[in-house]
There are 2 protein chains.
Amino acid sequence: MTANAQASHRLRAHEARCQTCSLSSLCLPLALNMEDIDQFDAIIRRRAPLRKGEVLFTQGDAFDCVFTVRSGSLKQITNENSGMEQLTGFYLPSELAGLDAIDSNCYPGTAVALETTTVCEIPFDRLNALSEQMPELRTQLFKSLSKELHEDRRMMMLLSRKTADERLASFLVNLSQRFRRRGYSPYSFRLSMARADIGNYLGLAVETISRILTRFQTQGLVDIRAREVHILHLDGLIELAEGECQGGR
Amino acid sequence: MTANAQASHRLRAHEARCQTCSLSSLCLPLALNMEDIDQFDAIIRRRAPLRKGEVLFTQGDAFDCVFTVRSGSLKQITNENSGMEQLTGFYLPSELAGLDAIDSNCYPGTAVALETTTVCEIPFDRLNALSEQMPELRTQLFKSLSKELHEDRRMMMLLSRKTADERLASFLVNLSQRFRRRGYSPYSFRLSMARADIGNYLGLAVETISRILTRFQTQGLVDIRAREVHILHLDGLIELAEGECQGGR
DNA sequence: CGGTACTTTGACCAAATTCAATCACTGTGG
DNA sequence: CCACAGTGATTGAATTTGGTCAAAGTACCG
């Protein structure tokens, strides 16, 4: 590698551009042409990486930006008056956080980094303005919102109709699919979240998560040591995740 | 009333216009000026009323329109492969159904009228196009999507952290508030859905709904006979709905 | 007026929670 | 380099909430 190439590499790493970003085919500008991407790129701010546990935005803060994860992962937690705390979602690279803040103009949850995480910060008013000139961008934004709605509906079904086993299987399958889409192995990955986070997200006690994971292990479905996951029998998990509920409950 | 006035009344009833619609302050065009409302109005199609049990759109159908309820109410049901059936929401007048179809380009659930129901049909491609020229409309559309996201998150919290009592109290309080916003009494209203629908929506068995409603009744919180609801002690219900979970589970 | 669909009530049961205790892993400071 | 603290994960036993099954009661519609 020449000195020149090294320098250019360092530059890219530091102030990455959408043009060179490996996530561009999954991210908001996915449908834009080169020219539009440049304009889009111009409104984005890159931040110093968040360290594990650092907060990206806090529940109640005034809304001004949405964020895409560039590397690492986030969790979003919502507190209700009564001290109830709900983990409403995990965000992986290329996923868009903060969309649920548009309506009320303040973030309805707190976003926390689960590991070292870099994000792109997109001021929403400028994004909104840009979406006027770029129908593809607007459509993509509508789609992102709609997709998250759709995901939430799946989650509602999971929470209200599925057993603990089915929930955990769904969770693992879902992660696996998201990793696959991003070009990582769908069979081997690292959980960036604690068991307690998984439990909170799935509406189950930590102990239940733990018990079921060991059961999955003894059944030969997965091999999990600490946070390292190896899926041994994906079809089995998928079958489990779908459940055979005959409309009960 | 003169014959003329009668005719004009009949006209309005038949092919209502946004300009004269009593819901305009709650509905999509809420931020538009007169001129824009006219343009918006022009893309809307009004349909013959749906009778109870009739289907507005079916899961899997190609997506082309979103719908606002003008009178009556809808439920949306999603079937998963495995025969699991989840009621993902109820739509009251001025609420927008079908937004969750934008991403996948087909309706992810079936919308069914719970009573005689009229809707406005809005072709999404034309709405999208119009939102290019009308920033207020675009913003309102983003807000509607975001709001539904937000609602779903509340629902996820309800499903994963609340007891049966808290869920049902939340449900009644939520309905009450939605009626209030629409100018109806928050204390007396009619449930357009069956107990089974409520149960499905809240992730509880019908029997549980029934038991808890009678308990609420004996506790003097409500007076319910058949589907007629009278809320006697709204604050009590609200308190119940919030629960005192200290972050458990 | 009769039938169908919806609702209520009771008895029993099972899944998942709670409580309690132990174990493993990480990182820090002596 | 190792002991120790602290967090996170696992396991077991007892409890509880809400589900299932069964049956009877009630409202609504033609």
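No hydrogens, no waters, no symmetry mates; every other heavy atom, side chains included, goes into these values. In the text below, chain A, chain B and the rest are named by the order of the sequence lines, each starting its count at 1. For clarity, every value in this text was computed on a predicted model and none was experimentally measured.
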### Query
Contact class for Ala226(B) vs. all strands (heavy atom < 4.0 Å): base, sugar-phosphate, or nothing?
nothing

### Integer-rounded Å distance: dT20(D) C1' and Arg211(B) CZ
10 Å

### Summary
Lys162(A) atom NZ is separated from dG18(D) atom P, nearest whole Å, by 22 Å

### Message
Under a 3.5 Å distance rule, please check whether Arg182(A) uses its side chain to pair with a backbone N or O of Arg178(A) as donor and acceptor.
### Response
yes

### Task
With heavy atoms under 4.0 Å as the rule, sort Arg227(B) into base, sugar-phosphate or nothing.
sugar-phosphate

### Query
Between dT10(D), dT20(D), dA16(C), which nucleotide has the shortest distance from any of its atoms to the side chain of Thr214(A)?
dT10(D)

### Query
Does Glu228(B) pair with Arg225(B) as a salt bridge, N-O distance under 4.0 Å?
no

### Message
Between C1' on dT8(C) and CD on Gln217(B), what's the gap in Å once rounded to a whole number?
### Response
12 Å

### Nucleotide of dT8(C), dC21(D), dT17(C) approaching Glu207(B) most closely (side-chain heavy atoms)
dC21(D)

### Query
What is the distance, rounded to the nearest whole Å, between atom CG of Leu204(B) and atom P of dT7(C)?
15 Å

### Query
Is the backbone N or O of Asp61(A) less than 3.5 Å from a side-chain atom of Thr58(A), with the two atoms forming a donor-acceptor pair by type?
no

### Query
Among dT8(C), dT10(D), dG18(D), which is the nearest nucleotide to the side chain of Thr208(B)?
dG18(D)

### Message
Given dA13(D), dA9(D), dA16(C), identify the nucleotide with an atom nearest to the side chain of Ala194(A).
### Response
dA9(D)

### Nucleotide nearest Ser210(B) (side chain, heavy atoms from C-beta), chosen from dT7(C), dT10(D), dG18(D)
dT7(C)

### Task
Could you tell me the separation between the CZ atom of Arg190(B) and the C1' atom of dA27(D), rounded to a whole number of Å?
11 Å

### Message
Under a 3.5 Å cutoff, is there a donor and acceptor pairing between the side chains of Glu115(B) and Ser73(B)?
### Response
yes

